[in-house]
Structures are given as C-alpha cells and as structure tokens.
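First the structure, which I've put down as structure tokens, then a few questions once you've had a look.
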Amino acid sequence: MSKKVFVGMSGGVDSSVTAALLKEQGYDVTGVYMKNWSQDLPGMVCPWKEDYQDAKRVATQLDIPFKMYDFEAEYRHVVVGYMIDEYKAGRTPNPDIMCNQEVKFKLFLQAALADGADMIATGHYARIQDGQLLTGLDPAKDQSYFLCRVTEDALRKSLMPVGDYLKPAVRELARKFGLATAEKKDSQGICFVGKVGIKDFLSQYVETEPGNIVDQHGMVIGQHDGALFYTIGQRQGLGVGGGLPYYVVGKDMAKNEVYVTADLQDARLWSRELTLASPHWINQPPTTDGHYMVRTRYRADLLEITGIAQHGDTWHITLKDEVRALTAGQSAALYDGERVVGSGIVV
RNA sequence: UGGGGCGUCGCCAAGUGGUAAGGCACCAGUUUUUGGUACUGGCAUUCGGGGGUUCGAAUCCCUCCGCCCCAG
C-alpha cells in the first residue's frame, strides 16, 4: 500500500507542484490548506480565500482529496504573538521561522498524522536526507534557512520534492502538469502581512511614541515614530537626508531612541563575535573541531566560522570576517557544507 | 547699529553671463516566504521677494526680506 502523504498546499506554484510530483511518484496524496490568518488589514484584503480556492482547484485537477486545517487561533498566539512581543522588546524576529517550527512542522504534522497520514510534504526549496536538512538545489531559492528550527523527528516524516529542482524547472513542471497556479506570482513578505508592511501591521497592536534619531556624533538629527519599527542595518524609512545615507546601528527601547551612523566603518555596524540563545540542533550539536558556516539572515552570504564554544545554554561564535548589521532576534543558521546543523537566536 | 558672510528641490551641495551637476531623503519598480539590504527608474521651466542691465542671468546692478559671524 502506498504511503499516505498530506501536502500543505498554500495555493502557490511550489506546493502545487509538490502535490503533483508526489502523486506522480505514486504516493497517496491529500491536499491540505492551512488557514493561519484570514483577517483583513487596513488597506489590504487578506487573500486567504483566493489562495484556498487556488489550492482547491489544483487538488481537483490532480484528483486528490482536499481539506482545510484551521490553525488561526494557534498561529495568532504562537507566531503573531511572538512577533509582536519580540518587536516590543526591541528585537527583530523572524516569524516565518517560527511558523515552520511551531505550525507547519508541529501542528500540521500532528494533525495530519492524527488524520491518518504517514507523512507530510511542503513546497520548500530544501532537501531531506536521513533526517538531515540540506539546502535546496537551487542556490537562488534555497529556503533551508527558514527551516533551521525544525526537528529531526519532523524531517523524518516530511517530504520536500521541490528542493531537488531549480525554480524555472518547477514553473515548467507546473505548466506541464497544467496546474492552475502555474503562472501565479511568487508570494513575498510575511504571509499574512503582505502588502501592508510591517509598520502598519504593528501599529494595529502596539502603542508607539515619537523619539529621537541620534547620529554617530550624539546629535539628534531627526524624529522617528517608534523605535520598535526599526531594525539594525536599516537605511530607508528614517526620513533623514543630507550627505550620506544613514543606517540604524542600535536602539534604546527605554529611551525610545534610534541610533544611526553615516559612517560605514562605524564599529557598531560590524561584529565578529555572535552569541546565540535558544539553540536548536537538528541532529547533533556542532563540535568545536568542525568546520561550519553561518547565515545570519535570509539570503545573506554564508560566513566562515573560526571558533565555536558552548556556555550553558548559549553558544559563542567567532567569525573569520566581520558581519554587517548583526541583528538581535534573527536566527543564525549553522551549515556544515550543504547540511543545516541548526540555529540559535542572535542575542 | 558698524564690518564681513550667506540665502539654489524636504536636507546636503555644484554652478560666478549662455539657458539648473551630484548625493541624501522621498516615490515607483526589480530582487526577497522575516524585518532589512542591494539594484533600476522618477523627482527644481527654476535658483529668498521685487525691479533693472543684457540677445540671453542662479550668476552683473538696485532694493526689500531672512539668517550667520566679528565688532560692541
């Protein structure tokens, strides 16, 4: 009897092709739309219905059963709540990593298994081998970073067939299968925030007040409308002109001040050491004699690690070269070649 | 009030008689399953106001307004 796989279908091309490929490979495929967010936001109608329809159409085309799981309450609490709390604390969270960790590869997996599935599948550009997480084959689309907090257990019950393809090939497959979503534009931005923008979104939940923007000489050069809206390394949105561009180098949430510099050599913009909290290792923790690379934000270059040490529940990493705009709250994902070792949250 | 300097797009800033550089900010687009970054494009019929000289002025002259500095 063929294995029963529940595919998380978002209504996009990648997950559509995932379902098609698995069906072609002989799996007993069921499509599932995860309803994580449906609320409209000022200036934007939540597209969940269209996405649901698209996913369902593809399921119909593929002649597979289709169902919807409603995780709105949990998502709201575990992802959105986390995100808002982090911003309030002055950090810059990565809600999509949290979504994968807590919703897709935990709630969805549990629900699917309880529903009779043997495995789940998603449209991520990453590969799974023997419970290990590997980068997607397409270096331009690799999404392994977003999966750096998934467990080995979950990986052993998951499939990501699209990770073996290049993005253009996936589009091509979608056309070949005649899928309704073949030409659908890639989504971008936090799934539920979409076009609205993080600032407008947060404004719905957090009270903010204007504060000072202070430059590298300690001079107040402008006003911002809430320190929590800004992230380290950010350039646009400060509204301060004159001479060179300014980049955010720090924040003081208590004083509600944002610190910027126009000097790209400013020491506050660069770091060679990083401290990671809440470590999560997919298979085994890294070893001090291993040779690892680290990625400190999505699509950032992999950086060479020269030293790694554990101190209780935090890990200290030394880099060969300095990174620009290391940001608290972001995940630092460790790589051993093409394998994702795990990650920690930048302190 | 004497003496000196200045006033060019929201900000910084070229241009000193030949018909408004550039940067920042901002806006749009591209890239992107976070926030960002980066890249591309857009952005002063007009040079503090008024008058004059000239074929022609932001650039010269007069005058008014507003800043700054040194004197006091």
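All chains are named by letter (A, B, ...) in the order of the sequence lines, taking the proteins before the strands, and each is independently numbered beginning at 1. Here the structure is a predicted model, which is why all the values come from computation and not from measurement.
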Atom P, compared across B/C47 and B/C9: separation rounded to whole Å: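 My reading of the P atoms in B/C47 and B/C9 gives 10 Å.
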Rounded interatomic separation in angstrom, taking CG from A/Asp96 and C1' from B/G35: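 The answer, rounded to whole Å, is 10 Å.
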Nearest-Å distance for atom pair OH/C1', residues A/Tyr75 and B/U34: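 Going from OH in A/Tyr75 over to C1' in B/U34 covers 10 Å.
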Below 4.0 Å: OP1/OP2 of B/G35 and any side-chain N or O of A/Lys199: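 Negative; the distance criterion is not met.
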Interatomic distance, A/Asp225 CG vs B/C26 P [rounded to whole Å]: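 After rounding, the reported distance stands at 12 Å.
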Partner nucleotide of B/G18 by Watson-Crick or wobble geometry (both distances under 3.5 Å):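 The base-pairing partner of B/G18, which may sit in any strand shown, is B/C55.
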Touch class at under 4.0 angstrom, heavy-atom based, for A/Gln234 against every strand present: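 The residue A/Gln234 makes sugar-phosphate contact but no base contact.
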Given B/U33, B/U37, B/G35, the nucleotide with the shortest approach to the side chain of A/Arg235: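 In terms of side-chain proximity for A/Arg235, the closest of B/U33, B/U37, B/G35 is B/U37.
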Sugar-phosphate, base or nothing in reach of A/Lys141, heavy atoms under 4.0 Å: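 Result for A/Lys141 = sugar-phosphate.
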Touch class at under 4.0 angstrom, heavy-atom based, for A/Ile97 against every strand present: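 Nothing: the residue A/Ile97, judged by heavy atoms under 4.0 Å, touches no strand.
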Integer-rounded Å distance: B/C12 C1' and A/Asp215 CG: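 The distance from CG of A/Asp215 to C1' of B/C12 comes to 14 Å, rounded to the nearest Å.
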Touch class at under 4.0 angstrom, heavy-atom based, for A/Gly239 against every strand present: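 Sugar-phosphate, no base atom in range.
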Span that lies between the P atom of B/U45 and that of B/U40, in whole angstrom: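 Roughly 26 Å separates the two P atoms.
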Check: A/Lys255 and A/Val214 side chains under 4.5 Å, non-hydrogen atoms: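 Side-chain contact under 4.5 Å: no.
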Whole angstrom value for the distance that separates P of B/U37 from CZ of A/Arg324: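 A/Arg324 atom CZ is separated from B/U37 atom P by 9 Å.
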B/C6: pairing nucleotide in any strand, Watson-Crick or G-U under 3.5 angstrom: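 Pair assignment: B/C6 / B/G66.
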Pairwise P distance, B/C39 and B/A25 [rounded to whole Å]: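 About 11 Å, rounded to a whole number of Å.
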Sugar-phosphate, base or nothing in reach of A/Thr327, heavy atoms under 4.0 Å: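 Touches a base.
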Contact nearer the 5' end of RNA chain B, comparing A/Tyr246 with A/Thr92: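 Counting from the 5' end, the first nearest nucleotide belongs to A/Tyr246.
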Length of the CE-P vector between A/Met219 and B/C11, whole Å: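 Result: 17 Å.
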A/Phe66 ring center near A/Tyr52 ring center (under 6.0 Å):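 Close enough - the centres of the two rings lie under 6.0 Å apart.
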A/Tyr298 side-chain N/O to B/G36 phosphate OP1/OP2 under 4.0 Å: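 False: A/Tyr298 side-chain N/O out of range (4.0 Å or more) of B/G36 OP1/OP2.
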Sugar-phosphate, base or nothing in reach of A/Gly237, heavy atoms under 4.0 Å: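 It contacts sugar-phosphate atoms only.
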Separation of atom CE in A/Met83 from atom P in B/U34, rounded to whole Å: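 Taking CE of A/Met83 and P of B/U34, I get 12 Å after rounding.
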Between B/U54 and B/C12 - P atom distance, rounded Å: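 Approximately 37 Å lies between the P atom of B/C12 and that of B/U54.
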Student check: side-chain heavy atoms of A/Lys167 and A/Tyr125 closer than 4.5 Å: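 Answer yes - side chains close enough.
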Close side-chain approach of A/Arg149 to A/Ile345, heavy-atom, < 4.5 Å: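 With C-beta onward as the side chain, the pair touches.
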C1' spacing across the pair B/U34 / B/G41, given as an integer number of angstrom: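 It comes out at 27 Å once rounded to the nearest Å.
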Partner of A/Tyr75 under side chain to side chain contact (heavy atoms under 4.5 Å, CB included), chosen from A/Asp70, A/Leu107, A/Val103: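 Going through the options one by one, the only one that passes is A/Val103.
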Counter-base of B/G41, judged by Watson-Crick or G-U geometry with both distances under 3.5 Å: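 By the stated definition (distances under 3.5 Å), B/C27 pairs with B/G41.
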Polar side chain donor-acceptor pair, A/Thr314 to A/Thr275, under 3.5 angstrom: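 There is no such pair between these side chains.
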Distance, C1' atom - from B/U16 to B/A28, rounded to whole angstrom: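 Here B/A28 and B/U16 have their C1' atoms 37 Å from each other.
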Spacing of A/Leu202 atom CG relative to B/G35 atom C1', expressed in whole Å: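 Whole-Å distance recorded here is 10 Å.
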Integer angstrom distance from the C1' of B/A14 to that of B/U46: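 After rounding to an integer number of Å, I get 16 Å for this pair.
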Phosphate contact (B/C26 OP1 or OP2) by A/Gln236 side-chain N/O below 4.0 Å: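 Answer yes for this pair, as a side-chain N or O of A/Gln236 is under 4.0 Å from OP1 or OP2.
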Spacing of the P atoms in B/C6 and B/G10 (rounded, Å):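 The answer is 22 Å between these two P atoms.
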Nearest-nucleotide 5' precedence on RNA chain B, A/Asn100 against A/Pro245: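 First, find each residue's nearest nucleotide; the 5'-ward one identifies A/Pro245.
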Side chain proximity check, A/Leu244 to A/Asp263, heavy atoms < 4.5 angstrom: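 No. Closest side-chain heavy atoms not under 4.5 Å.
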N or O in side chain of A/Tyr247 less than 4.0 angstrom from B/A38 OP1/OP2: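 A/Tyr247 to B/A38 OP1/OP2: side-chain N or O found under 4.0 Å.
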